[in-house]
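Below is one structure; the comments refer to it alone.
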Number of protein chains: 2
Amino acid sequence: MSMPRTIDEIDLQILHILQEKARIPNAEVSRQVGMAPSAVLERIRKLEEHGIIEGYEVRLNPVAFAQGLAAFLFIEVDPAGNGQLGERLSLVAGVQEVHQVAGPDGYLVKLRAADTGELGRILREEIQHFPGVRATRTQIVLNTVKETRRIDLDVQDEAEP
Amino acid sequence: MSMPRTIDEIDLQILHILQEKARIPNAEVSRQVGMAPSAVLERIRKLEEHGIIEGYEVRLNPVAFAQGLAAFLFIEVDPAGNGQLGERLSLVAGVQEVHQVAGPDGYLVKLRAADTGELGRILREEIQHFPGVRATRTQIVLNTVKETRRIDLDVQDEAEP
DNA sequence: CAATCAAGAGAATATTGTTCTGTTATTATG
DNA sequence: CATAATAACAGAACAATATTCTCTTGATTG
């Protein structure tokens with residue numbers, strides 16, 4: 001039996017194209033990488049099966065949905081930590097990211113709201129009452145220089161998840 | 001002259017479908033919202049033209065590209081602020097987000113690296129030498145509970161950008 | 001009450017997605 | 001070694017989709 005092939009140059013080309021514009025037609029990708037559509041399709045399917053491609057997303061303009069304000073919260077937790085806190089935080093309206101972090105211990109939360117009024121309300125009326133929350137530090141985003149999920153496709157090793 | 005229509009229920013349905021799975025065929029979207037493909041295509045194009053849809057992205061597994069470690073840096077800046085710092089930070093390998101924040105003033109940076117060794121190297125050999133950097137605080141992500149860019153499509157008002 | 005325009009249905013056609021088959025190169029395996 | 005198994009791909013065939021066009025409708029406006 002032979003191994004299922006690792007990520008090669010052509011895979012990287014395909015992924016690079018998809019990172020630029022994920023809704024591009026398969027036939028167009030084939031043209032750009034110089035292979036038959038069937039071959040490209042097979043590669044993309046394998047990348048999906050192996051969990052290297054996790055999904056495809058549309059990027060929406062937050063301003064158009066009254067979510068123009070971004071903020072990061074650092075939430076310091078009680079020593080007798082509540083295990084459900086992360087889950088509860090992730091359900092709050094506008095919360096896009098919840099990470100458990102070290103140094104110092106706590107949660108880092110990224111959220112979006114319409115304005116500072118709404119942000120304050122969420123903090124005061126929701127998050128600060130969650131059990132396990134000892135203190136919160138809020139950092140409001142004044143200006144976003146970069147915001148992406150792209151991965152540099154040159155420095156890669158491969159490893160199946 | 002009549003106005004170019006605001007975001008309505010059908011637009012929200014379409015955007016919701018695309019947020020789930022952006023590479024879904026147009027014809028399938030039409031079926032799900034009960035409209036002709038031509039009509040859905042026109043709507044999607046307008047959403048793109050108006051900047052409500054900003055683009056389509058593939059989501060890759062960071063582990064497959066030796067970017068399994070995530071960290072947030074808070075970078076405190078010199079009072080005599082250097083205007084280029086944000087740009088420089090955004091060019092560092094692995095950096096996915098750079099936000100200028102208030103309270104206290106500085107930059108919040110999200111970056112990915114293979115491991116703590118590489119992270120340390122980036123901090124020591126690159127970021128800490130950038131002019132304008134006074135101090136950095138590093139928070140390493142132990143566990144990510146949620147990480148998305150989706151927007152809740154129910155609480156929306158509409159507003160063209 | 002036309003004239004104008006946005007919005008969409010439906011048909012026509014260009015293009016693409018997907019499956020299938022055959023070929024080649026590579027790798028196990030007896 | 002020989003040969004069986006497998007991965008990877010091209011190319012063709014067909015199914016499905018994307019896209020354009022035309023026509024209709026309903027709303028708005030001068």
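Throughout, protein chains are lettered first and strands after them, A, B, ... in sequence-line order, and every chain is numbered starting at 1.
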Can you tell if the side chain of A/Val77 reaches within under 4.5 Å of the side chain of A/Val133, non-hydrogen atoms only?
-> no

Can you tell if the side chain of A/Ile127 reaches within under 4.5 Å of the side chain of A/Val109, non-hydrogen atoms only?
-> no

Expected list for residues 18-33 of chain A near DNA chain C, using heavy atoms below 4.0 Å, is A/Pro25, A/Asn26, A/Ala27, A/Arg31

Pairing residues for [X] by the side chain to side chain donor-acceptor pair (under 3.5 Å) criterion, not counting sequence neighbours:
| X | result |
| --- | --- |
| B/Gln13 | none |
| B/Glu126 | none |
| B/Gln67 | none |

Tracing side-chain links under 4.5 Å among I, L, V, M, F, W and Y, which residues wind up in one group with B/Leu91?
-> none

Apart from A/Leu108 itself, residues in the same hydrophobic cluster as defined by side-chain heavy atoms under 4.5 Å | A/Phe72, A/Phe74, A/Val101, A/Val141, B/Phe72, B/Phe74, B/Val101, B/Leu108, B/Val141

Assign a letter to each nucleotide of nucleotides 19-25 of chain C from its 5' end: B, base within under 4.0 Å of a protein heavy atom; S, sugar-phosphate only; -, no contact.
-> B------

Does the side chain of A/Lys46 get closer than 4.0 angstrom to OP1 or OP2 of D/dA7 through an N or O atom?
-> no

Between [N] ([atom2]) and [X] ([atom1]): distance, integer Å:
| X | N | atom1 | atom2 | value |
| --- | --- | --- | --- | --- |
| B/Ile44 | C/dA7 | CD1 | C1' | 15 Å |
| A/Ile10 | D/dA7 | CD1 | P | 18 Å |
| B/Glu42 | D/dT20 | CD | P | 11 Å |
| B/Glu9 | C/dA7 | CD | P | 16 Å |
| B/His50 | C/dA6 | NE2 | C1' | 12 Å |
| A/Gln13 | D/dC9 | CD | C1' | 16 Å |

Listed by chain and number, what are the salt bridge (charged side-chain N to carboxylate O under 4.0 Å, His left out) partners of [X], not counting sequence neighbours?
| X | result |
| --- | --- |
| A/Glu28 | A/Arg31 |
| A/Glu42 | A/Lys46 |
| A/Glu125 | A/Arg121 |

Just how large is the angle between the end axes of the helix from C/dC1-D/dG30 to C/dG30-D/dC1, five pairs per end, to 10 degrees?
-> 30°

Residue pairs fulfilling side chain to side chain donor-acceptor pair (under 3.5 Å) with at least one residue in residues 14-27 of chain A, sequence neighbours excluded | A/Glu20-A/Arg150

